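For clarity, every value in this text was computed on a predicted model and none was experimentally measured.
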Amino acid sequence: MKIYLCGFMGCGKSRVGRELARKCGMKFADLDNYIVEHEKMSIPEIFEKFGEPHFRELEAKYIAEMPDNSVVALGGGAMINDNTAKTARENGKVIFLDADFETCYGRIKDDKNRPLAYNNPKEKVKELYDFRRPIYTERSDIVIKAAGRPSEIIEKIREKL
């Protein structure tokens with residue numbers, strides 16, 4: 001079984017995913033880190049050199065390589081791509097970690113490895129959040145309110161699964 005965690009940048013996919021995998025005896029994979037490792041470039045470098053559409057194609061390509069029996073933290077934009085979303089839904093359970101914008105923004109605003117957040121004003125990032133949120137909801141099997149401690153969020157996930 002594969003569990004794919006989706007949601008906006010900074011919602012807690014990696015932090016919750018690592019702990020969820022540990023508690024469930026599963027492997028953990030971070031799709032962004034996997035891409036960086038295999039492409040031998042940082043995400044900002046990929047965006048700068050090839051553009052966002054190319055990065056989205058890489059997500060669609062590499063999501064299929066995620067190991068079985070794993071919890072996978074997807075990038076914030078992964079589920080926007082039809083191919084990535086389809087692959088995730090066909091290969092596992094997709095869980096949307098629904099965190100409020102201010103929480104997410106507070107975590108990402110100064111992170112140079114998040115070019116869509118770092119290179120844009122807060123209002124633009126909020127527009128992106130508002131655009132993506134209904135897509136996450138529509139393309140997920142389970143929606144979890146991502147408020148509280150990671151252990152509380154993990155308990156909600158385990159109850160829903």
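- By the rule that hydrophobic residues join a cluster once side-chain heavy atoms approach within less than 4.5 Å of another member, Y4 and Y136 end up as members of one cluster.
- Rounding to the nearest 0.5 Å places CD of E39 at 10.5 Å from OH of Y34.
- Of all heavy-atom pairs between A78 and T84, the closest is O-CB, 3.2 Å.
- Checked against side-chain contact (heavy atoms from CB on, under 4.5 Å), P134 has no partners two or more places apart in sequence or in another chain.
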Verify side chain to side chain contact (heavy atoms under 4.5 Å, CB included) between F55 and I43, making sure each step is shown before the conclusion.
-> CA-CA 8 Å; F55 180 75; I43 293 170; 3.9 Å; yes

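- Every residue meeting the ring-ring contact (aromatic ring centres under 6.0 Å, His included) condition with Y105, not counting sequence neighbours, appears here in chain and number order: F101.
- Two different hydrophobic clusters hold M79 and V16 under the rule that ILVMFWY side chains link at heavy-atom gaps under 4.5 Å.
- Here the side chains of F8 and L128 are in contact, with some heavy-atom distance below 4.5 Å.
- Counting only heavy atoms from C-beta outward, the side chains of S42 and E45 approach each other to under 4.5 Å.
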Show which side-chain atoms of residues 151-161 pair as donor or acceptor with protein atoms under 3.5 Å away, not counting sequence neighbours.
unit_1, atom_1, unit_2, atom_2, d
E152, OE1, R149, N, 2.8
E152, OE2, R149, NH1, 3.4
K156, NZ, K145, O, 3.0

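- With T137 contributing its side chain and R133 its backbone, the two residues share a donor-acceptor pair below 3.5 Å.
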- Any chance you could lay out the side chain to side chain contact (heavy atoms under 4.5 Å, CB included) test for K2 and K93, step after step, and finish with the verdict? CA-CA 6 Å; K2 294 179 192 174; K93 288 282 186 196; over 6 Å; no

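- E59 has its side chain out of reach of L74: every pair of non-hydrogen atoms, C-beta onward, lies at least 4.5 Å apart.
- Between Y62 and H38, the ring planes are tilted. Angles from 30° to 60° get that label.
- Separation of atoms CZ (F28) and CZ (R18) is listed at 4.5 Å; rounding is to 0.5 Å.
- Look at E57 and K61 and you find no salt bridge, because none of the NZ, NE, NH1 or NH2 atoms lies under 4.0 Å from a carboxylate O.
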Inset, instruction - Show your reasoning for whether side chain to side chain contact (heavy atoms under 4.5 Å, CB included) applies to M41 and V36. - result: CA-CA 5 Å; M41 288 184 199; V36 167; over 6 Å; no

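- Salt-bridge check for R139 with D82: passed, with a basic side-chain N closer than 4.0 Å to an acidic carboxylate O.
- You'll find the side chain of N81 stays beyond 4.5 Å of the side chain of K86, heavy atoms only.
- By the 4.5 Å heavy-atom criterion applied to side chains, I46 and I35 are counted as neighbours.
- Pairs engaging residues 6-15 under the side chain to side chain donor-acceptor pair (under 3.5 Å) rule: S14-D30 [sequence neighbours left out].
- Side-chain contact between R56 and I80 is absent, with no heavy atoms from C-beta onward closer than 4.5 Å.
- The structure places CG of L97 at 10.5 Å from CD1 of I142, a figure rounded to the nearest 0.5 Å.
- The side chain to side chain donor-acceptor pair (under 3.5 Å) with E102 is formed by just one residue from the set K126, R107, K122; it is K122.
- Residues forming a side-chain contact (heavy atoms from CB on, under 4.5 Å) with S140 (at least two apart in sequence, or on another chain): C6, V94, F96.
- Partners of T87 according to the side-chain contact (heavy atoms from CB on, under 4.5 Å) rule, which considers only residues two or more places apart in sequence or in another chain, are I63, A64, N91.
- Here the side chains of K27 and V71 are not in contact, with every heavy-atom distance at 4.5 Å or above.
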Trace of the side chain to side chain contact (heavy atoms under 4.5 Å, CB included) decision for I3 with I95 | CA-CA 7 Å; I3 298 170; I95 300 173; 3.6 Å; yes

